[in-house]
Amino acid sequence: MSDSIINLSYNIPANDFTFAGEASSNVKKMLSQLGINPMVIKRAAIAMYEAEINAVIHGGGGIADIQISPEKIFICIKDEGPGIPDVEVAMQEGYSTAPEYIREMGFGAGMGLPNIKRYADELQIDTEVGKGTTVKITININ
Amino acid sequence: MKVNELAQKLDMKILTGNETLFKDITGVYVCDLLSWVMSHAEKGNAWITIHTHLNIVAVALLTEVSCVIIPENLAVEENTIKKAEEEGIVILSSSLSAYELCYRIHELLA
Ligand SMILES: Nc1ncnc2c1ncn2[C@@H]1O[C@H](COP(=O)(O)OP(=O)(O)OP(=O)(O)O)[C@@H](O)[C@H]1O
Ligand SMILES: [Mg+2]
């Protein structure tokens with residue numbers, strides 16, 4: 001049933017807070033239009049937002065690719081930034097390398113990755129220092 | 001209690017001109033760490049924050065809070081207000097502090 005899969009793609013501009021969250025907001029609207037369960041939408045939207053903001057703040061911008069099928073929502077956020085040296089450490093609540101000016105905007109609580117883990121049914125982080133980071137999030141619809 | 005009633009009762013300024021003033025307020029959430037708000041604010045909460053930049057709109061939208069309240073008469077950027085209007089998010093401004101707002105809203109919702 002390949003015809004029932006919706007593909008969406010967004011560019012995530014680097015350090016541009018004007019549009020940070022735009023892709024997640026659009027995906028949320030699309031999911032609402034599809035009549036998907038509000039709890040599922042909320043989980044997908046929050047997980048995607050956190051990954052999107054991380055790409056903006058830490059990853060130097062990137063690309064978001066989303067696939068919505070009747071069974072699941074698949075979100076892939078890819079950047080070519082500095083990569084994450086130790087994913088296990090980065091996953092800890094409260095761990096953040098966000099600079100001061102970013103913290104002043106309310107980011108940098110070190111809660112983004114833990115939030116993603118909490119809301120995703122599956123989470124895969126592929127990262128290489130100096131190459132970039134790809135965050136893959138799967139949310140089951142049923 | 002609806003957002004418009006709350007605004008009126010506490011003499012708050014409605015910074016956004018939109019028609020989503022009739023959402024029900026289910027409680028209050030106060031926090032300035034955005035990813036904390038993302039995972040803890042509940043749908044329908046009135047969210048009190050001192051941030052006034054654009055990203056509060058995305059957070060409000062994704063958490064489905066009923067309104068954003070900016071305390072202590074902080075100035076809100078024009079582009080934040082514009083974006084909020086586009087997205088149907090209500091931003092209220094109050095002269096009260098976050099603490100006073102919580103206290104007063106608690107009384108009103110009780
Ligand atoms: N795409 C990325 N590229 C490089 N480093 C990243 C990326 N995503 C996360 N990190 C690293 O992992 C840390 C933890 O990320 P997490 O999202 O949990 O917290 P944060 O972004 O610092 O703060 P918050 O998300 O609470 O605003 C970041 O501070 C950063 O060092
Ligand atoms: Mg983050």
Side-chain angles (χ1 to χ4, degrees), chain A residues 10 12-13 15-32 37-54 56-58 75 90-91 93-96 98 101-120, chain B residues 16 18 20 23-24 26-27 29-72 74-91 98:
Chain A
Y10 299 90
I12 305 170
N15 275 309
D16 184 351
F17 293 96
T18 328
F19 292 105
E22 190 88 359
S24 322
S25 303
N26 280 325
V27 169
K28 180 171 190 244
K29 279 177 213 158
M30 170 63 83
L31 296 173
S32 305
N37 176 317
M39 267 321 292
V40 172
I41 296 179
K42 184 165 182 178
R43 286 168 49 215
I46 291 177
M48 177 169 168
Y49 174 83
E50 294 292 3
E52 181 185 352
I53 293 290
N54 279 352
V56 174
I57 293 177
H58 311 292
I75 299 157
M91 290 298 302
E93 287 190 10
Y95 177 84
S96 175
Y101 80 98
I102 294 285
R103 288 175 194 262
E104 276 166 16
M105 292 179 75
F107 301 105
M111 288 300 295
L113 291 174
N115 277 352
I116 300 175
K117 190 166 174 59
R118 177 163 150 215
Y119 288 112
Chain B
T16 43
N18 45 34
T20 37
K23 287 188 182 159
D24 272 311
T26 55
Y29 196 77
V30 196
C31 185
D32 297 314
L33 290 170
L34 299 180
S35 58
W36 195 268
V37 177
M38 279 306 279
S39 63
H40 292 87
E42 282 171 25
K43 182 176 179 172
N45 284 173
W47 172 33
I48 304 176
T49 179
I50 57 157
H51 292 301
T52 55
H53 57 76
L54 257 178
N55 273 86
I56 62 171
V57 178
V59 173
L61 197 67
L62 294 169
T63 52
E64 300 179 17
V65 293
S66 52
C67 62
V68 182
I69 304 179
I70 311 293
E72 304 188 49
L74 284 167
V76 179
E77 284 92 319
E78 197 53 52
N79 58 356
T80 305
I81 294 172
K82 200 163 150 267
K83 182 79 180 163
E85 285 174 342
E86 279 167 26
E87 301 289 352
I89 298 294
V90 176
I91 303 179

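Chain letters run A, B, ... following the sequence lines, proteins first, then strands; residues in each count from 1.
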Colleague: Please look at A:Ile41 and chain B and tell me whether the side chain, the backbone, both or neither of the residue comes under 4.5 angstrom of a heavy atom of that chain.
Modeller: neither
Colleague: Output the donor-acceptor atom pairs between chain B and chain A under 3.5 Å, with atom names and distances to 0.1 Å.
Modeller:
from: B:Leu34; atom 1: N; to: A:Gly106; atom 2: O; distance (Å): 2.8
from: B:Ser35; atom 1: O; to: A:Asn115; atom 2: ND2; distance (Å): 2.7
from: B:Ser39; atom 1: O; to: A:Tyr119; atom 2: OH; distance (Å): 3.3
from: B:Ser39; atom 1: OG; to: A:Asn115; atom 2: OD1; distance (Å): 3.2
from: B:Ala41; atom 1: O; to: A:Lys42; atom 2: NZ; distance (Å): 3.4
from: B:His53; atom 1: NE2; to: A:Met105; atom 2: O; distance (Å): 2.7
from: B:Asn55; atom 1: ND2; to: A:Ala20; atom 2: O; distance (Å): 3.2
from: B:Leu61; atom 1: O; to: A:Lys28; atom 2: NZ; distance (Å): 3.1
from: B:Glu64; atom 1: OE2; to: A:Lys28; atom 2: NZ; distance (Å): 2.9
from: B:Lys83; atom 1: NZ; to: A:Glu22; atom 2: OE1; distance (Å): 2.8
from: B:Lys83; atom 1: NZ; to: A:Glu22; atom 2: OE2; distance (Å): 3.4
from: B:Glu87; atom 1: OE1; to: A:Lys29; atom 2: NZ; distance (Å): 2.9

Colleague: Flag the one option from A:Ala45, A:Pro38, A:Ala20 with the top tally of heavy-atom pairs under 4.5 Å to chain B.
Modeller: A:Ala20
Colleague: Name the region of B:Leu34, side chain, backbone, both or neither, that has any atom closer than 4.5 Å to a heavy atom of chain A.
Modeller: both
